[in-house]
**Student:** 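Quick one: the structure is below, questions incoming.
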Protein chains: 2
Amino acid sequence: MAKERLRKGTAAKRVPLDLKGRIWIDGKEGTFLGYGRVILLERIQEYGSITKAARSMEMSYRHAWELVDSMNRQASRPLVESATGGRGGGGARLTEEGESAIALFRRFYEDFQAFLADEGKALSLS
Amino acid sequence: MAKERLRKGTAAKRVPLDLKGRIWIDGKEGTFLGYGRVILLERIQEYGSITKAARSMEMSYRHAWELVDSMNRQASRPLVESATGGRGGGGARLTEEGESAIALFRRFYEDFQAFLADEGKALSLS
DNA sequence: ATTCGTAATATACAACAGGGAATAACGAAA
DNA sequence: TTTCGTTATTCCCTGTTGTATATTACGAAT
C-alpha cells in the first residue's frame, strides 16, 4: 500500500454533493406518468389486481384507483383495463399502451439517473 | 402556400411529451438548495433584506426566514449574514459562500434544462 | 339464488405545509 | 431617549393530500 499523498496548507475539503431530483410527464390534467404511477402499473401487471397492487406498495386502494383513473383519462387509449364481478371478483390488466408507457418512462428515468451521476462528478463545493 | 401533404392510412399521431422535473441538493436536514431557495438568495443579494426579498417573490417573510435559516444551518459556513437594528432596521447580505451556492446550483439547473430538452427529442409516444 | 373477491364510490378523519397576523428584540441615527 | 424598519419568533387558521372505513355494484362459478 502506497502512502497517501497529503496536501499541505489549507485542505480544501471536497464536499460530495447529494444531488436529487424528481421527473414526471405531464398530461392534460397535470401529472400523467411519474415514478410511483409506473411502479403501480408494474404491480398491476404482476398481480392482475388494483387491490393487490396497492397493498403490495402499502398504498390505499382509493389512491391507487385514482392514479389509474387519472392515467386512463389522460392517455389516448387506457393503460389499464378492469373488470368487475366474475369468479375472482374481477381484476385489472395492462394494455399494450400501458406496457409502452412503462417502457417510455423507465428509459426517461434511467437517463435521468445517469444525468445525476454525471453531474455529481462535475459539480462540487469547496 | 403549398398544399399540406397528408399521409394516408392510419396516421401515427406524434404526441409531443411534456417532460417535467425538479432538482435540488440535499443536506443534513433534507433540502439544502433548490430553485426557490436560490431565487431567494439572489433577491437577498439584490435588495439587502429578507423582508424585501420575500415580498418581491410574494412569499411570506416567515417562510423566507425559515429557508434562509435552513440553508445557513446546513452550509459549512452561512450563506446569508443578517443584522438586526440600526438605521434601516437591519438587513441581510450574501456571503461569498452564498454567491458560490448560487453559481453551483445555477449550473446544475441549466444542465438539467438541457437534459430535459434532449430527452424531449429522444422520447415519444405513438 | 348464493357465494366470493374485486372494482367503484362516498364520507369522515389525520397529518402536514404554508400563510396571515401579531409581537418582541434590536441598534444606529436623530 | 425617541424613532424606525428589519430581524426573529409565536400562535392560529386553512387548504391539500392521503388514510381509514364503509357501502354498493358486479358477474362467473357453484
Side-chain angles (χ1 to χ4, degrees), chain A residues 20 22 24 26-27 29-32 34-41 43-75 78-95 98, chain B residues 20 22 24 26-27 29-75 78-95 98:
Chain A
K20 296 288 182 70
R22 272 175 20 89
W24 66 93
D26 253 19
E29 307 173 8
T31 301
F32 168 49
Y35 187 77
R37 290 171 185 236
V38 165
I39 298 290
L40 179 59
L41 290 180
R43 297 296 173 90
I44 289 174
Q45 188 175 41
E46 180 180 357
Y47 294 110
S49 150
I50 296 177
T51 297
K52 287 174 184 163
R55 266 206 288 271
S56 79
M57 300 174 63
E58 297 185 331
M59 174 186 288
S60 66
Y61 171 82
R62 180 177 179 265
H63 187 42
W65 184 86
E66 283 173 347
L67 293 180
V68 168
D69 196 47
S70 166
M71 288 186 275
N72 278 346
R73 280 198 314 267
Q74 298 187 69
L79 308 188
V80 174
E81 278 177 349
S82 57
T84 71
R87 187 167 64 95
R93 68 175 203 83
L94 233 57
T95 64
Chain B
K20 295 289 180 70
R22 274 177 16 91
W24 66 92
D26 253 19
E29 307 173 9
T31 302
F32 167 50
L33 283 180
Y35 187 78
R37 290 171 184 237
V38 165
I39 298 290
L40 179 60
L41 290 179
E42 290 172 344
R43 298 294 173 92
I44 290 174
Q45 187 176 40
E46 181 179 359
Y47 295 109
S49 151
I50 296 177
T51 296
K52 288 173 185 162
R55 266 205 288 270
S56 80
M57 301 174 63
E58 297 185 331
M59 174 186 287
S60 67
Y61 171 82
R62 179 178 178 263
H63 188 40
W65 184 86
E66 283 173 348
L67 294 180
V68 169
D69 195 47
S70 167
M71 288 186 275
N72 278 346
R73 279 198 315 267
Q74 298 186 68
L79 307 188
V80 174
E81 278 176 351
S82 57
T84 71
R87 188 167 64 95
R93 67 176 206 82
L94 232 58
T95 65

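Residue numbering restarts at 1 for every chain, and letters A, B, ... go by the order of the sequence lines.
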**Student:** For A/H63 and D/dT17, give me the distance from atom NE2 to atom C1', rounded to whole Å.
**Tutor:** 8 Å
**Student:** Hey, is the side chain of A/R62 pairing donor to acceptor with the base of C/dT9 inside 3.5 Å?
**Tutor:** no
**Student:** From the set D/dT7, C/dG20, C/dA7, return the single nucleotide nearest to any side-chain atom of B/T51.
**Tutor:** D/dT7
**Student:** Between C/dT6, D/dT19, D/dC26, which one does the side chain of A/K52 approach most closely?
**Tutor:** C/dT6
**Student:** In whole Å, I'd like the distance from the CE atom of B/M57 to the C1' atom of C/dG18.
**Tutor:** 14 Å
**Student:** Test A/T31 against A/R37 for side chain to side chain donor-acceptor pair (under 3.5 Å), laying out the working first.
**Tutor:** CA-CA 10 Å; A/T31 301; A/R37 290 171 185 236; 5.0 Å; no
**Student:** Let's see if you can work this out: which of C/dT6, D/dT6, D/dA8 has an atom nearest to the side-chain heavy atoms of B/Y61?
**Tutor:** D/dA8
**Student:** Which whole-number value in Å describes the distance from B/R55 CZ to D/dG5 P?
**Tutor:** 11 Å
**Student:** Round to a whole Å and report the spacing from CD1 of B/I50 to C1' of C/dC26.
**Tutor:** 14 Å
**Student:** What is the distance from CZ of A/R93 to P of C/dT6, rounded to the nearest Å?
**Tutor:** 18 Å
**Student:** Using a cut-off of strictly less than 4.0 Å, decide whether A/W65 has a side-chain nitrogen or oxygen near OP1 or OP2 of C/dA8.
**Tutor:** yes
**Student:** Provide, to the nearest angstrom, the distance between the CG atom belonging to B/N72 and the C1' atom belonging to D/dA8.
**Tutor:** 13 Å
**Student:** Counting only side-chain N and O atoms of B/T84, is one of them less than 4.0 Å from OP1 or OP2 of C/dC26?
**Tutor:** no
**Student:** What's the closest nucleotide to the side chain of A/R87 if the choices are C/dA7, D/dG18, D/dA29?
**Tutor:** D/dA29
**Student:** What distance separates A/H63 NE2 from A/M57 CE, expressed to the nearest 0.5 Å?
**Tutor:** 8.0 Å
**Student:** Could you walk me through whether A/S70 and A/Q74 satisfy the side chain to side chain donor-acceptor pair (under 3.5 Å) test, starting with their C-alpha distance in whole Å, then the side-chain angles of each, then the deciding distance to 0.1 Å, before giving a yes or no?
**Tutor:** CA-CA 6 Å; A/S70 166; A/Q74 298 187 69; 3.1 Å; yes
**Student:** Check side chain to side chain contact (heavy atoms under 4.5 Å, CB included) between B/T84 and all other residues, then give those that pass, not counting sequence neighbours.
**Tutor:** none
**Student:** Please compare B/G86 and B/A92 by the position of their nearest nucleotide in DNA chain D and report the one closer to 5'.
**Tutor:** B/G86
**Student:** Find which nucleotide of DNA chain C each of A/S82 and A/G85 is nearest to by heavy atoms, and output the residue with the more 5' nucleotide.
**Tutor:** A/G85
**Student:** With a cut-off of 6.0 Å (strictly less than), are more than 12 heavy atoms of other residues, nucleotides or ligands near CZ of A/R87?
**Tutor:** no
**Student:** Provide, to the nearest angstrom, the distance between the CD atom belonging to A/E66 and the P atom belonging to C/dA10.
**Tutor:** 11 Å
**Student:** Could you check how far CG of A/D69 sits from C1' of C/dT6, rounded to whole Å?
**Tutor:** 16 Å
